[in-house]
Amino acid sequence: MLAVLQRVSEARVIVNGETIGEIGAGLLALVCAERGDTPTEADKLLAKMLKLRIFADEAGKMNRSVQDVEGGLLVVSQFTLAADTSGGNRPSFTNAADPRTGQALYEHFVARACAAHPQVQTGRFAADMKVQLINDGPVTVPLRIAPPGTDNARGVL
């Protein structure tokens, strides 16, 4: 599974003119399931995300996690993270999980996030969403958790 995390001062998701998810300070997590992903990869991605130390401590060093600072978590599905741009000028999305599997993994991820973290908001799977955010820093971090037997040596997108 793939994610792009953005440390934010605030973020919201709007669908059809209505705000459906909103947080103050915390993480905006754009999340994508790839072919071959299972709930195991979703769980590992969530665990890494919740413990990733990208918030400042008293000395101003990135030493605290979203859980440490009791920040919000806004989870938004984004299959375009799986884009392959290696050939031509039109991205291919064949690496993304099929919509049914992608939705199941997204819902699994959200359910686990809600169980593990007190402040979770979401976008809407497969909706045309408008995402507004104020990136704090800016701090943007890509994450990738690949199924066993695949190349995850980089640990990034």
Side-chain angles (χ1 to χ4, degrees), residues 1-34 37 39 41-85 89-93 95-97 99 102-146 152 154-157:
M1 287 192 71
L2 306 170
V4 171
L5 306 180
Q6 296 185 70
R7 187 178 74 186
V8 298
S9 301
E10 61 184 64
R12 68 187 46 81
V13 177
I14 300 165
V15 175
N16 296 324
E18 175 188 352
T19 298
I20 63 166
E22 184 172 17
I23 62 169
L27 286 179
L28 168 62
L30 305 173
V31 177
C32 173
E34 293 183 287
D37 284 340
E41 286 75 43
D43 294 345
K44 288 179 181 178
L45 182 68
L46 177 63
K48 182 75 168 182
M49 186 180 300
L50 292 177
K51 298 295 183 190
L52 194 65
R53 297 183 311 170
I54 59 173
F55 291 86
D57 63 12
E58 300 82 16
K61 294 189 179 200
M62 287 197 289
N63 232 358
R64 292 189 169 160
S65 70
V66 70
Q67 289 187 316
D68 294 335
V69 300
E70 298 178 351
L73 181 61
L74 178 57
V75 182
V76 178
S77 64
Q78 188 170 359
F79 81 94
T80 60
L81 292 179
D84 178 356
T85 59
N89 294 317
R90 182 176 177 170
S92 168
F93 301 105
N95 292 334
Q103 183 170 9
L105 287 170
Y106 174 75
E107 290 173 357
H108 172 87
F109 185 91
V110 168
R112 292 293 176 104
C114 289
H117 194 71
Q119 188 182 354
V120 178
Q121 296 282 303
T122 67
R124 184 174 299 146
F125 188 85
D128 181 17
M129 296 176 277
K130 309 300 180 208
V131 180
Q132 297 176 342
L133 65 131
I134 297 176
N135 191 314
D136 180 19
V139 174
T140 302
V141 177
L143 293 177
R144 180 171 189 242
I145 304 295
N152 192 32
R154 299 174 320 216
V156 297
L157 301 177

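Owing to the predicted nature of the structure, the values given are computational and were not obtained by experimental measurement. Values below: every heavy atom of this structure, side chains too, minus hydrogens, waters and symmetry copies. One is the number of the first residue; the rest follow in order along the sequence.
The shortest distance between side-chain heavy atoms of His108 and Asp43 falls below 4.5 Å. Using a 4.5 Å heavy-atom cutoff, the side chains of Asp136 and Val8 are not in contact. Side chains of Leu73 and Leu50 form a contact here, defined as non-hydrogen atoms less than 4.5 Å apart. Counting heavy atoms from C-beta outward, Phe55 and Asp68 have side chains that stay 4.5 Å or more apart. Annotation: side chain of Arg144 is in contact with side chain of Glu34 (closest heavy-atom distance under 4.5 Å). Met62 is listed as a side-chain neighbour of Val139, based on a closest heavy-atom distance under 4.5 Å. Taking the side chain as every heavy atom from C-beta outward, Arg112 and Pro39 never approach each other to under 4.5 Å. You'll find the side chain of Thr140 reaches within 4.5 Å of the side chain of Val4, heavy atoms only.
Nearest heavy-atom pair across Val31 and Met1 is CG1-CE, 3.5 Å. Taking each heavy atom of Gly123 and Ile20 in turn, the nearest pair found is C-CD1, 3.7 Å. Shown here for Asn95 and Ala82, the closest heavy-atom pair between the two residues is CB-O, 3.7 Å. Closest non-hydrogen pair, Ala33 versus Leu105, comes out as CB-CD1, 3.7 Å. Gly71 approaches His117 most closely through the heavy-atom pair O-NE2, 2.6 Å. Scanning all heavy atoms of the two residues, the minimum distance from Ala11 to Leu28 falls at CB-CB, 4.5 Å.
In this structure, the side chain of Gln121 does not engage the main chain of Val13 through any donor-acceptor pair within 3.5 Å.
Here the SG-CG distance, from Cys32 to Asp37, works out to 8.0 Å after rounding to the nearest 0.5 Å. Note that CD of Gln6 and CG of Leu27 are 9.5 Å apart. Values are rounded to the nearest 0.5 Å. Atom CG in Leu30 sits 8.5 Å away from atom CG in Leu74 (nearest 0.5 Å). One finds the CD atom of Gln119 at 11.0 Å from the SG atom of Cys114 (value rounded to the nearest 0.5 Å). Between atom CD of residue Gln103 and atom OG of residue Ser77 there is a gap of 8.5 Å, rounded to the nearest 0.5 Å. Ile134 CD1 to Glu10 CD: the interatomic distance, rounded to the nearest 0.5 Å, is 3.5 Å.
Ring orientation note: the planes of Phe125 and Tyr106 are tilted relative to one another, at an angle of 30° to 60°.
Evaluation of the salt bridge (charged side-chain N to carboxylate O under 4.0 Å, His left out) rule for Glu107 yields no partner, not counting sequence neighbours.
Among pairs with a residue in residues 52-62, those fulfilling salt bridge (Lys or Arg N to Asp or Glu O under 4.0 Å) read Glu58-Arg64, at least two apart in sequence or across chains.
When the shell of 6.0 Å around CD of Glu22 is examined, it contains more than 12 heavy atoms from other residues, nucleotides or ligands.
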